[in-house]
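Just so we're on the same page: letters track the sequence lines, and every chain starts at 1.
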Amino acid sequence: MLDIKLIREDTDKVAEALKRRGTDFLSDLKKLDALDNERRNSLQHSENLKNRKKKLSAEVGRLKKEGADAESQMEEVKSINLEIVEWDAKVAESEIQIREILLHIPNIPDPSIPDGLDESGNEELRVIGERPAFDFEPKNHVELAEGLDMLDLKRAAKIAGSRFAVYKNDGARLLRALINFMLDVQCDENGYQELYPPFLVNKESMTATGQLPKFEEDLFVMRDDDLYLIPTAEVPVTNYHRNETLADGDLPIKYTAYTPCFRREAGSYGKDTQGLIRQHQFDKVELVKFVEPENADTELELLVADAESILKKLGLHYRVVVLCAGDIGFSATKTYDLEVWLPAQGCFREISSCSSFGDYQSRRGNIRFKRKTGKPEWICTLNGSGLAAGRLFVALLENYQRADGSVAIPPALRPYLKNREVFEI
RNA sequence: GGAGAGGUGGCCGAGCGGUUGAAGGCGCACGCUUGGAAAGCGUGUGUAGGUUAACCCCUACCGAGGGUUCGAAUCCCUCCCUCUCCGCCA
């Protein structure tokens, strides 16, 4: 949520900055400004009346104590009350409209990110490692996994529908190993605290991180309980501190969490229908940070490095991309994507998305921090995948495959797989 | 799901329906005292919104939302959460 005061004071500048996303919000901002004026005007009326009311009521108390008559004062308060109700209703109405509009306006893109309206505007920052060389035609992950009896997509479709998977045997074991490996690295080497949060969350949580109210159609919703399946651990973990004021001495706070993620993938019909790339349910180890504003930029770089550390340990070839203003998510101000090389597809594929949100989420969720002296301030939130386990599964199989359909296990992962060196039939 | 108890400031803990934004204590900050420290003494110490150049001032907030009343932390209703007991259950 943007700061109404900022909008009030610099409407044009905010509009200009938002325009980089490819949508013009100027009329919304002007409407906000008008509503805000109305609100403050009504509030003045209401507060003046309340002040008068307070004084009169106190007078009634005094008069009654003395045994004097207070009828006229009581009558005046009664009539004032009617006016107060009217003005308060106007205030409330303005506030509701303001909030409704604010909740639908995305975050302002960071000035440092490139212009562009879609992913073609993204910029490659660095490429790490090298493409593996194959002296045979590399298979895709589905062929490999099914060949090794690791995966059963057919029965998954029977059980739940398309875009679901059953991992089996070494597949299930590998997935489990990847999750444990990533959690261990983030906790033991990168200094994150592990959380295991609820997979269902309420409306307030979804609103704070920005999934609601605008993207309800992307979520799985419980029919009878006003709860939503999380699309990412970002939601429960960021909301861990909703409506709290943290001490600056505790910052930065760094959490990692494994959760499954549930996405309806509405609007992506036909995209990535093969295999594990785009599923309704997938597993992810998430990284979430709460930091002071002046450290947000540095902390984002560190977060990316923490996500990268997994890819490096596994010896995977990848690149880092900074997203352009038109391609960042609704709540984000700056985003780096990590894209891993997939030999069978012959392209880089997103495996992590690391974003800085400024105070956008903390305003929505009322998450603040307090320095030793001074007023509470909005905290800055960051998060990123560290990493998506399903896609990492794909990357490992495709990159470490051998001509006979077996798959080598990189050394870093072997302790999690009984020190085996290869998956084979 | 049923029965009971409870939710007050950073924490503990008072609070007859009428200067209670809220006693008292702890904690914290600053000052005095001291060779230094502790103790002691003094002062201060919530948040949000409005207004202002700023200070002041005004309004709201005692789990949340309604209601009664001239006036509600105090009375009534609904909901949420916590604890105890029962039921159910991996």
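B:G1 is paired with B:C86 under the Watson-Crick or G-U wobble criterion, all donor-acceptor distances under 3.5 Å. When both distances must be under 3.5 Å, the Watson-Crick or G-U wobble mate of B:C61 is B:G46.
Distance, A:Ile4 CD1 to B:G50 P: 10 Å, rounded to whole Å. Look at CG on A:Asn48: it is 12 Å from C1' on B:C57, rounded to the nearest Å. As rounded to whole Å, 13 Å separates atom C1' of B:G50 from atom CG of A:Asp88. In this structure, the CD atom of A:Glu204 is 13 Å from the P atom of B:C80, given to the nearest Å. Between the CZ atom of A:Arg62 and the P atom of B:G71 there is a distance of 16 Å, given to the nearest Å. Computed from coordinates, the A:Glu244 CD to B:G46 C1' distance equals 17 Å when rounded to whole Å. One atom, NZ of A:Lys5, and another, P of B:G49, lie 5 Å apart when rounded to the nearest Å.
The residues A:Arg39 and A:Glu95 are annotated as salt-bridged, a charged nitrogen and a carboxylate oxygen being separated by less than 4.0 angstrom. The residues A:Arg52 and A:Glu76 are annotated as salt-bridged, a charged nitrogen and a carboxylate oxygen being separated by less than 4.0 angstrom. Salt bridge status for A:Glu398 with A:Arg349: absent, with no side-chain N to carboxylate O gap under 4.0 Å.
Among the atoms of the strands shown, none is found under 4.0 Å from any heavy atom of A:Arg52. Using a 4.0 Å heavy-atom cutoff across all strands shown, A:Arg363 reaches no nucleic acid atom at all. Using a 4.0 Å heavy-atom criterion, one finds that A:Leu56 contacts no nucleic acid atom at all. Residue contacts for A:Lys55: at a heavy-atom cut-off of 4.0 Å it reaches no nucleic acid atom on any strand shown. Looking at heavy-atom distances under 4.0 Å, A:Lys64 makes contact with a base.
Considering only side-chain N and O atoms, A:Asn51 lies under 4.0 angstrom from the phosphate OP1 or OP2 of B:U59.
Of all nucleotides listed (B:U47, B:G18, B:A60), B:A60 comes nearest to the side chain of A:Lys50.
Within 6.0 Å of atom OH in A:Tyr240, 12 or fewer heavy atoms from other residues, nucleotides or ligands are found, so the atom counts as exposed in its surroundings.
Of all the heavy atoms in A:Leu148 and A:Ser406, the pair that sits closest is CD2-CA, 4.4 Å.
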